[in-house]
Every structure is written in C-alpha cells, then in structure tokens.
Protein chains: 2
Amino acid sequence: MNNPSRLDRLRDAGYKLTNARTVVLNVIETHEGHMTSAEILDAVASRDSSIGRASVFRTLDLLTRLAIIRPTYTAGSATPTYVLMPDGHHHHIVCVQCHQTIEFEDCGLGSLAERLEGEFGVKLTGHLLEFYGICGACSEAGVVDDEV
Amino acid sequence: MNNPSRLDRLRDAGYKLTNARTVVLNVIETHEGHMTSAEILDAVASRDSSIGRASVFRTLDLLTRLAIIRPTYTAGSATPTYVLMPDGHHHHIVCVQCHQTIEFEDCGLGSLAERLEGEFGVKLTGHLLEFYGICGACSEAGVVDDEV
DNA sequence: GATGTAAATGATACCACGTCTCAATATGAC
DNA sequence: GTCATATTGAGACGTGGTATCATTTACATC
Ligand SMILES: [Mn+2]
Ligand SMILES: [Mn+2]
Ligand SMILES: [Zn+2]
Ligand SMILES: [Zn+2]
C-alpha cells in the first residue's frame, strides 16, 4: 500500500526507514488532498498510538525538505496544510470566496523550469502552482465582484 | 508613498481606511520581498507604537482575503512569510536546504489561465508559482546530491 | 544471528504565534 | 456636528510546534 519509491527516496537520501516515518508517509499517501497537521496527528495516533508528536512534526519537515510533500497556506487557517507532490509538482485553483480548491494536472512548466535552472544555477526538484479567483458557483451565487 | 490603488481596493470592498491598516500596508509595500509576521510587527511598532498586535494580524488576514498579499511557507513548518502580489501574481524559487528565495518575473502563464477559466468556469485573478530545489551555494557547499 | 554505534525516537516542559474578549475609539455616512 | 457601527488596543489565553534528553531503533559489519 505504501508507495515504495518514496521510502526509497528516504533511504537513498541516507535516512533510516523507521516506523514513525513509514506510518506518517502512509497516512499522507492514503488520504486524498490536503491535510492539516492536526489531521495527520490524529490519523497517525489511530494507527499507532506509540508514535510521538515530535516525530510526526520531524517527519513532516523531512518530507518537505525532500520535496515529497509541501506545506501550503489554505484560507482561514493559521496553520499550513500538507499536500503530496506526486512527481514533484502540484497545481490547484483556490476560490477566494468559498475556499474550494480545484485540482488540475497539466501545467506545461517544464521548459520554464529548465530556463530557470540555467539562469540561476539551481537544481529544481518540484513546484507548486496556485491560481486564485472566483469559482462558478460563487459567481452565480450573486456575489458582487467588488466585494472581493 | 502608499500605492493608492491598494487602499482603494480596501475602501471599495467596504472596509474603513484606518490608521492601523494604512501603516501595515505601507510597511509591506516599502519592504522588498518576503516578511515574517515578526518583521512586520517590528516595523509597524517602529512607525507607530500605539498600533496593537491584534490589529496587525487582523490586517494581514484582511489583505490576504483581498489577495493583496499571500502567505507562503518558505521554511519547513514554521511560520509563513507574507509577500505582496503585484498585479495579482508572484513567482519565486525556494531552496529547500537554506530557505533562500530567488524571485523571478516571467512565468508565461497567461494562456494556461485562459484555458483553465474555460475548462472549469472560474474567473481567475492571480496566481502564485513556487519552484523548489537546491540553490547554487548549497550544492557547492558539499551537500551531496542524493542527500536531498 | 550477534554486536556496535549513530540516528531517531517519545515524553514532557517549554515557547511563541496568533486569537479572543471587551470596553474604548475612530471612521465615514448623513 | 451627530450617530451607528466597524475597528481598535490591551492583555489573557490556547494551541501548534520546538528543545531537551534519556532510551530505543535501524542497519552496517562481522
Ligand atoms: Mn491542491
Ligand atoms: Mn517570493
Ligand atoms: Zn467559490
Ligand atoms: Zn540553498
């Protein structure tokens, strides 16, 4: 059930494949879409209550550094939500009115990434692309434009 | 010094143009690049020490809801940094090792935005594009590739 | 399979960011 | 100028995330 390639990426980067890390990754892979740290903590605890808070946060940091997940701001909440970055990228549209998010796949950013690597001497491993706007439901619902 | 159009956006959205809001916006507009809430609090206090913490955070929320600024998590799971969204968009590269951010301008996302508007029936007003990877300094600094 | 060792862990104390409450004040419509 | 109301500032409060440190685990080597 656990995507083995992600655990491989941990091992290949020199990190041990511990129980805490395996469970946290599994929780995130199992869940569709974004998760708050509270949701992750709950899900981890329900699978293995012996795993400590600190290790969950440490794992979230580690997975972020490995570009396996990414913290992103979602409206209304002071804390980030974490989202898997399959193949290193993720894209969505956020309605600034109702906060619904619409995921999409094609971004066509490969050539831009290459250009940036040359221009700035960086090695890029992933990206996050967020569009903001008003979703169809909200614009139909009579929300006047200048109220946003 | 304060870009009048942004204050207009506040007023047009039905919010009062108060001293706290003007100073917070001015601080963010004056500063180049990303700011943490701590930096914003400091800068606001040094301009007008009578402005309270709560009002600063309330203003950050408001400016975010109006898509004038955007919080992004440039460092692990710590606190977000806030960045102006001139003309509704912003782009940068984040080094996942040292958290340095490199800003860039061209993104060429206009045609993608148009396609998405048709495909999902949304009205898009802006976007944030983040690449992550390893900056030149970090890869030279002996960080082995497979360690990230 | 046993051994050694450094990385990783879990418990808990701790801190800081951000929120809530509420009386006082400033704003903008009239 | 008057008034209604949005907004404010002070400060108590809560909660998400971190630092510490003794203990355990993973995994390389034999
Ligand atoms: Mn998403
Ligand atoms: Mn930036
Ligand atoms: Zn919506
Ligand atoms: Zn770097």
Side-chain angles (χ1 to χ4, degrees), chain A residues 2 7-25 27 34-66 69 71-82 146-147, chain B residues 7-25 27 34-66 69 71-82 99 144 146-148:
Chain A
N2 220 333
L7 288 178
D8 288 346
R9 284 166 68 185
L10 282 196
R11 183 185 14 241
D12 293 349
Y15 297 98
K16 296 184 175 176
L17 266 50
T18 68
N19 179 54
R21 286 170 178 165
T22 305
V23 171
V24 170
L25 182 54
V27 158
H34 300 228
M35 296 186 85
T36 64
S37 60
E39 289 170 338
I40 295 170
L41 286 167
D42 281 354
V44 167
S46 77
R47 294 204 194 185
D48 185 338
S49 63
S50 74
I51 296 175
R53 298 166 47 76
S55 285
V56 173
F57 282 107
R58 283 187 285 238
T59 302
L60 291 177
D61 276 355
L62 177 59
L63 294 177
T64 299
R65 266 183 287 124
L66 294 175
I69 63 173
T72 79
Y73 168 86
T74 45
S77 128
T79 69
T81 62
Y82 296 88
D146 61 10
E147 204 179 321
Chain B
L7 288 178
D8 288 346
R9 284 166 69 186
L10 282 196
R11 182 182 18 238
D12 293 349
Y15 297 99
K16 296 183 174 175
L17 296 179
T18 68
N19 179 52
R21 286 170 178 165
T22 305
V23 171
V24 170
L25 183 54
V27 158
H34 297 229
M35 296 185 86
T36 63
S37 59
E39 290 169 336
I40 295 170
L41 286 167
D42 281 355
V44 167
S46 80
R47 293 204 195 184
D48 184 340
S49 63
S50 74
I51 296 174
R53 299 165 47 75
S55 285
V56 173
F57 282 106
R58 283 187 286 239
T59 301
L60 292 177
D61 276 356
L62 177 59
L63 295 176
T64 300
R65 267 184 286 126
L66 294 175
I69 62 174
T72 79
Y73 294 91
T74 53
S77 52
T79 67
T81 61
Y82 297 88
H99 306 144
V144 274
D146 62 11
E147 203 180 324
V148 166

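These figures come from a predicted structure and were not determined experimentally. In what follows, every chain begins at residue 1, and chains take the letters A, B, ... in the order their sequences are listed. As a basis for the values below, the full set of heavy atoms in this structure was taken, side chains included, without hydrogen atoms, waters or symmetry mates.
- Rounded to a whole Å, the CZ atom of Arg21(B) is 14 Å from the C1' atom of dG9(D).
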Reading 5' to 3' through nucleotides 25-30 of chain D, protein heavy-atom contacts under 4.0 Å coded B for base, S for sugar-phosphate only, - for none: -BS---

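- Taken to the nearest 0.5 Å, the CZ atom of Arg21(A) stands 9.0 Å off from the NZ atom of Lys16(A).
- Judged by distance alone, the side chain of Ser49(A) and the main-chain N or O of Ala45(A) form no donor-acceptor pair under 3.5 Å.
- The CG-P distance, from Asp42(B) to dG18(C), rounds to 13 Å in whole Å.
- Taking 4.0 Å as the cut-off between side-chain N and carboxylate O, Asp61(A) and Arg58(A) do not count as a salt-bridged pair.
- Taking atom CG of Leu41(B) as the reference point, atom C1' of dT19(C) lies 13 Å away to the nearest angstrom.
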With sugar-phosphate taken as primed atoms, P, OP1 and OP2 and all else as base, the protein-contact string of nucleotides 15-22 of chain D at under 4.0 Å (heavy atoms; B, S, -) is -SBBBB--

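- Arg47(B) approaches Val27(B) most closely through the heavy-atom pair NE-CG2, 3.7 Å.
- Atoms OH and CG, on Tyr15(B) and Leu63(B) in that order, are 10.5 Å from each other to the nearest 0.5 Å.
- The interatomic distance linking Glu39(B) (CD) with dG18(C) (P) rounds to 12 Å, in whole Å.
- Note: CG (Leu10(B)) to P (dA6(D)) measures 16 Å, nearest angstrom.
- Distance Ile51(A) CD1 to dA11(C) P: 11 Å, rounded to the nearest Å.
- Listed here is the closest heavy atom pair of Tyr73(B) and Thr72(A): CE1-C, 3.7 Å.
- The nearest pair of heavy atoms linking Thr74(B) to His99(B) is O-CD2, 3.5 Å.
- In this structure, Thr18(A) and Thr22(A) approach most closely via the heavy-atom pair O-OG1, 2.8 Å.
- Rounding to whole angstrom units, CG of residue Asp48(A) and P of dA11(C) are separated by 10 Å.
- In summary, Arg11(A) and Asp8(A) engage in a salt bridge, as defined by a charged side-chain N under 4.0 Å from a carboxylate O.
- One interatomic measurement links the two molecules: OH of Tyr73(A) to P of dG18(C), which rounds to 11 Å at whole-angstrom precision.
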